[in-house]
Every structure is written in C-alpha cells, then in structure tokens.
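Below is one structure, written out as structure tokens; comments come after it.
All figures in this text were calculated on a predicted structure; none of them were measured in a lab. Both backbone and side-chain heavy atoms feed into the values below; hydrogens, waters and symmetry mates do not.
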Amino acid sequence: MSFLPDLSTLIAFSLAAFVLTITPGPDMTLFLGRTLSEGRSAGIMAMLGASTGILIHTSLAAFGISALIAASPEAFLALKIAGAAYLVFLALQALFKGSSFQLEPSKRIKPRPLSAHWLTGIGINLLNPKIILFFVTFLPQFVSARDPHVTGKLIFLGVYFLLLAIPFSVAMIFAADRFASALKARPKVMRVIDWLFAGVFSAFAFRILFTQAR
C-alpha cells in the first residue's frame, strides 16, 4: 500500500477536496444547468465528463511531476512555491470577486445525446487552463520530492478526490431546482463558501512556504 499517503496528509487533502467540491465553478454551473434544462441524466453525464477531465489532469500531472522530481528536485521545490502563490491568488479572487455560479433561468430544450453532455463535461475541465494550472500546482503540496512512491500517491489523491466529489455532485443534481434557487436567494451562503475557500487554501499556501523556509 505504498501509494497511500500518511493519515495527516490524507486528512488535510480531504479538507481541501471538500472545500474545492462545494465551491461553485464552471463545471458545477455546467452540470446543474444541464440538469435544469435537460434532466438528471444530462446533468449526471456532464458531471461524469467533468470527472473524466479531472482524472486525465491527475494522470498527466502525476507523471509530469514525477519526471520533474527525477530531473531536478530544485525545480520541484520551485513548483511547490509557485503553487503556494497560486493558492493565495485563488483565495484573494474568492474574497474580492466571489465564486462563479451563474445559472440562467431553466428552459427546457430538445434533449441532446447523453454522449454530448459527457464530451462537454470533459471539455470544460480538460481545456480550462485554470484547472490545468491548479492540478499541476495543487497536488504537489501533498507529496515530498524524497518520496519514492510519489507517482502512485499523486494518482491516488486524484482518484480519492473524485470519490469524495462525485457523491456530493450527484446529490446536488438530484436536488438541483431547490439547490440553485436556494443559492440565488441566499447570497450570504455563497460568501461563507468564499471565505471558507480562501481560508483553507491560504493556510495550505502558508504552510508550504514556511515549511520550505525552515
């Protein structure tokens, strides 16, 4: 079981994954929007497509980061520091700009093939440069350059993230009408999520910066 992180790392990652999952973004907007306009099946397929995109990002990041460690541990350290700075940037964006959750009023349209929703879900995550940057800079915060099992651990964390996120996403899809209207009717809820996101990711950023400083 060499691919399993230690308990403290797993708890920290679980907290970060939970906050990331409940923070609205383009993928959540997609699968909730498809649910409202074309039904639960469309929303679930869009969510599974977005999850497929995340899995591809995880694999690319895992093997790319492993190669970087083998080539230059110093470059890996620079990546982690850059990642910490990016997490601070995301935290500030959440505070000053708020979460991105824009759903238009639901309009029932002619259903599209389920495969189309799946492909759209893949595209929204796979072609989003912000998500590419996020996974390349976020996952390294939970591994060490001295760990001989870094590739396995990175892949495990990516799959574990999906295992945490999918049940929550499915629950949102099944309650999409009430969930969407509740968020729009209670902007204070969104601000709480923004502050939670900012606090957790700032803590991770400062932890890695001060750890490297010592």
By side chain to side chain contact (heavy atoms under 4.5 Å, CB included), Leu163 pairs with (sequence neighbours left out) Val159

dist Leu157:CG -> Leu162:CG (nearest 0.5 Å) comes out at 11.5 Å

CD1 of Ile173 to CZ of Arg34, rounded to nearest 0.5 Å, is 12.0 Å

For Ala17 and Phe161 the tightest heavy-atom approach is CB-CD1, 3.4 Å

Determine, using the 4.5 Å side-chain heavy-atom cutoff (strictly less than), whether Ile11 and Phe168 are members of one ILVMFWY cluster.
no

To the nearest 0.5 Å, atom CZ of Phe63 lies from atom CG of Leu154 at 10.0 Å

### Message
I'd like to know if Leu4 and Phe13 are part of one continuous hydrophobic network [Ile/Leu/Val/Met/Phe/Trp/Tyr, side-chain heavy atoms within less than 4.5 Å].
### Response
yes

(message) Can you tell me if Phe18 has over 12 outside heavy atoms packed within less than 6.0 Å of its CZ?
(response) no

Rounded to the nearest 0.5 angstrom, the CG-CG distance for Leu119 and Leu114 is 11.0 Å

Heavy-atom closest pair (Glu38 atom, Ala42 atom, distance to 0.1 Å) is CB-CB, 3.8 Å

Nearest heavy-atom contact between Asp6 and Ser8 is OD1-OG, 2.6 Å

d(Ile44 CD1, Ile166 CD1) to nearest 0.5 Å is 11.0 Å

Only one of Ile54, Thr58, Thr52 passes side chain to side chain contact (heavy atoms under 4.5 Å, CB included) with Ile56, and that residue is Thr52

Side-chain contact test, heavy atoms from C-beta onward, threshold under 4.5 Å: evaluate it for Phe142 versus Lys153 and give yes or no.
no

Exercise for the section: Report yes if the side chains of Tyr160 and Ser14 come closer than 4.5 Å at any heavy-atom pair, otherwise no. Expected result: yes

Is there a side-chain contact between Met172 and Met47 (heavy atoms, below 4.5 Å)?
no

